[in-house]
There are 2 protein chains.
Amino acid sequence: MSTAATDTRAKLIESARDLFMIQGYHSTGISQILKRAEVNSGSLYYFFPTKEDLLLAVLEWYRDHIEDDLLAIHTAHVSDPVEKIFALLDGYRQMLHMFEFEMGCPIGNLALEVTNTHPAVRSLLLVNFEQWVDSVEGFLNEAADRFPEDLDRRALAVHILATMEGGVMLARTYRSLRVFDNAVNQLRDYIERLLIIGSTWSAPKSATKIEESI
Amino acid sequence: MSTAATDTRAKLIESARDLFMIQGYHSTGISQILKRAEVNSGSLYYFFPTKEDLLLAVLEWYRDHIEDDLLAIHTAHVSDPVEKIFALLDGYRQMLHMFEFEMGCPIGNLALEVTNTHPAVRSLLLVNFEQWVDSVEGFLNEAADRFPEDLDRRALAVHILATMEGGVMLARTYRSLRVFDNAVNQLRDYIERLLIIGSTWSAPKSATKIEESI
DNA sequence: GTCTATACAACGATAGAC
DNA sequence: GTCTATCGTTGTATAGAC
């Protein structure tokens with residue numbers, strides 16, 4: 001693969017990534033991606049036989065860059081592992097602010113838009129979510145001695161992801177950081193309650209179990 | 001407006017509502033809506049000049065039915081106000097289960113998909129979110145004497161919405177109720193910690209305030 | 001209010017020269 | 001690998017008779 005080819009491919013992925021993030025997958029036309037990338041139709045279809053293949057490449061890009069380029073930026077300068085988590089959340093806050101609520105979490109957007117209709121895409125969405133959860137779980141593990149012994153740290157990490165995604169969704173709709181800050185604040189309050197030494201943790205059963213799934 | 005006309009209009013809104021919920025707004029074609037509603041193109045455009053007008057009508061439908069038809073169903077048989085909240089969340093769990101993760105929260109889906117590009121739609125999304133939060137806040141108010149006096153109950157209600165939306169997003173992507181149950185369980189744990197009499201509540205400041213918005 | 005037929009643009013995707 | 005030209009389909013929306 002020549003350098004020029006790599007450049008073209010990379011430009012297409014970047015352009016598609018940005019447009020999918022702002023407008024979503026279906027609202028973004030191939031022609032729009034071509035114009036932004038300054039690439040011609042023939043080249044795109046040389047690398048990506050279908051639009052879905054391009055989406056897969058975008059999600060592979062996120063998978064390969066989420067750790068170093070997206071998460072570490074916000075957490076590197078923080079030493080306390082629990083504060084690393086909040087620094088990460090603050091990264092999303094900055095994103096919302098910087099792009100005036102036009103951007104939130106790209107994975108979350110795509111998840112709701114294509115997970116029903118594009119099965120091949122779903123597994124890459126999962127990989128991205130899992131990497132995020134792995135990172136947060138890692139931070140929680142670093143601070144394990146400050147939490148109750150019986151705390152399910154992975155479950156808490158998943159919960160933090162859910163809260164972030166929900167907070168981003170509301171912030172984008174309200175076009176206000178207040179709802180996002182609110183979600184983060186409650187999360188911080190919860191975590192501080194967990195941090196109380198000697199506290200015990202027990203996840204209650206959900207209201208009505210229909211059936212245990214998976 | 002004749003009865004026949006009302007029927008046609010209602011059929012169109014119902015069909016559009018269902019299809020938007022499963023497939024999203026952009027993935028749903030007018031022709032698909034027409035087929036499902038068994039209505040012809042001319043009739044649709046008689047009632048709704050554009051596709052966006054149909055979307056607005058769908059969101060108005062949710063606005064007018066969310067209270068009695070969607071929320072009350074799940075909470076009516078529960079007496080304890082705090083448990084009403086969890087019964088409500090369980091309603092979403094049932095929905096995820098019943099439709100095999102093809103459906104979650106219709107408002108949340110549409111929020112991420114169209115909030116950037118359809119400003120007129122955004123205010124109706126807000127109305128729906130606000131109604132939901134109002135209901136939950138009402139339940140929290142009913143149980144006010146069991147919570148710390150200084151608890152910001154509306155903020156907690158918003159947080160519950162964010163958690164539900166995030167949990168639904170993850171459940172649909174993972175195609176598993178586990179992640180949803182997880183979010184609800186952590187929420188229950190948090191609320192039980194708040195319920196401890198004599199406990200005080202204080203929302204910490206978010207990590208880095210960029211600027212106070214709105 | 002409803003019908004059928006159709007306009008017209010945008011869509012994803014392809015062909016074939018270079 | 002890249003170019004231009006274009007295919008066939010689907011998209012939203014309209015026209016005009018009834």
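In what follows, every chain begins at residue 1, and chains take the letters A, B, ... in the order their sequences are listed. Since we're looking at a predicted model, the values are computed, not measured.
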A/T50: which residues meet the side chain to side chain donor-acceptor pair (under 3.5 Å) condition with it, sequence neighbours left out? A/D53
Selection: residues 18-35 of chain B, any non-hydrogen atom under 4.0 Å of DNA chain D: B/T28, B/G29, B/I30, B/S31
Could you write out each protein N or O paired with an N or O of nucleotides 7-9 of chain C at a distance under 3.5 Å?
none

Taking only residues two or more places apart in sequence or in another chain, which ones pass side chain to side chain donor-acceptor pair (under 3.5 Å) with A/D80? A/R146
Measure CG/B/L54 against P/D/dT12 and give the value in whole Å, please. 10 Å
Sorted by chain and number, sequence neighbours left out, side chain to side chain donor-acceptor pair (under 3.5 Å) with A/S27 holds for B/H26
B/T8 side-chain N/O to C/dG1 phosphate OP1/OP2 under 4.0 Å: no
Report yes or no: is the cationic atom of B/R188 (NZ for Lys, CZ for Arg) under 6.0 Å from the centre of the six-membered ring of B/F86, at an angle within 45° of the ring normal? yes
Partner set under ring-ring contact (aromatic ring centres under 6.0 Å, His included) for B/F20, not counting sequence neighbours: B/Y25
Between C/dG1 (P) and B/K11 (NZ): distance, integer Å: 14 Å
Residues two or more places apart in sequence or in another chain: which of them pass side-chain contact (heavy atoms from CB on, under 4.5 Å) with A/V78? A/E83, A/K84, A/A87
Can you sort out the partners of B/S135 under side-chain contact (heavy atoms from CB on, under 4.5 Å), two or more places apart, ordered by chain and number? B/E67, B/L71
What is the distance from CG of A/L55 to P of C/dA13, rounded to the nearest Å? 12 Å
Qualifying residues under ring-ring contact (aromatic ring centres under 6.0 Å, His included), relative to A/Y190, sequence neighbours excluded: B/Y190
5' to 3', nucleotides 3-8 of chain D under a 4.0 Å protein heavy-atom cut-off (B base, S sugar-phosphate only, - none) gives BBB---
Within the pair A/Y45 and C/dT14, is there a side-chain N or O less than 4.0 Å away from OP1 or OP2? no
Taking salt bridge (charged side-chain N to carboxylate O under 4.0 Å, His left out) as the cut-off, I'd like each qualifying pair that reaches into residues 100-125 of chain B, sequence neighbours left out, listed once. B/E102-B/R175
Should A/L194 and A/L151 count as side-chain neighbours, where that means a heavy-atom distance under 4.5 Å? yes
Ignoring backbone atoms, test whether B/Y46 places a side-chain nitrogen or oxygen under 4.0 Å from the OP1 or OP2 oxygen of C/dG1. yes
Test of understanding: with side chain to side chain donor-acceptor pair (under 3.5 Å), list the residues that count as partners of B/D134, not counting sequence neighbours. B/R154
Separation of D/dA13 atom P from B/F47 atom CZ, nearest Å, is 17 Å
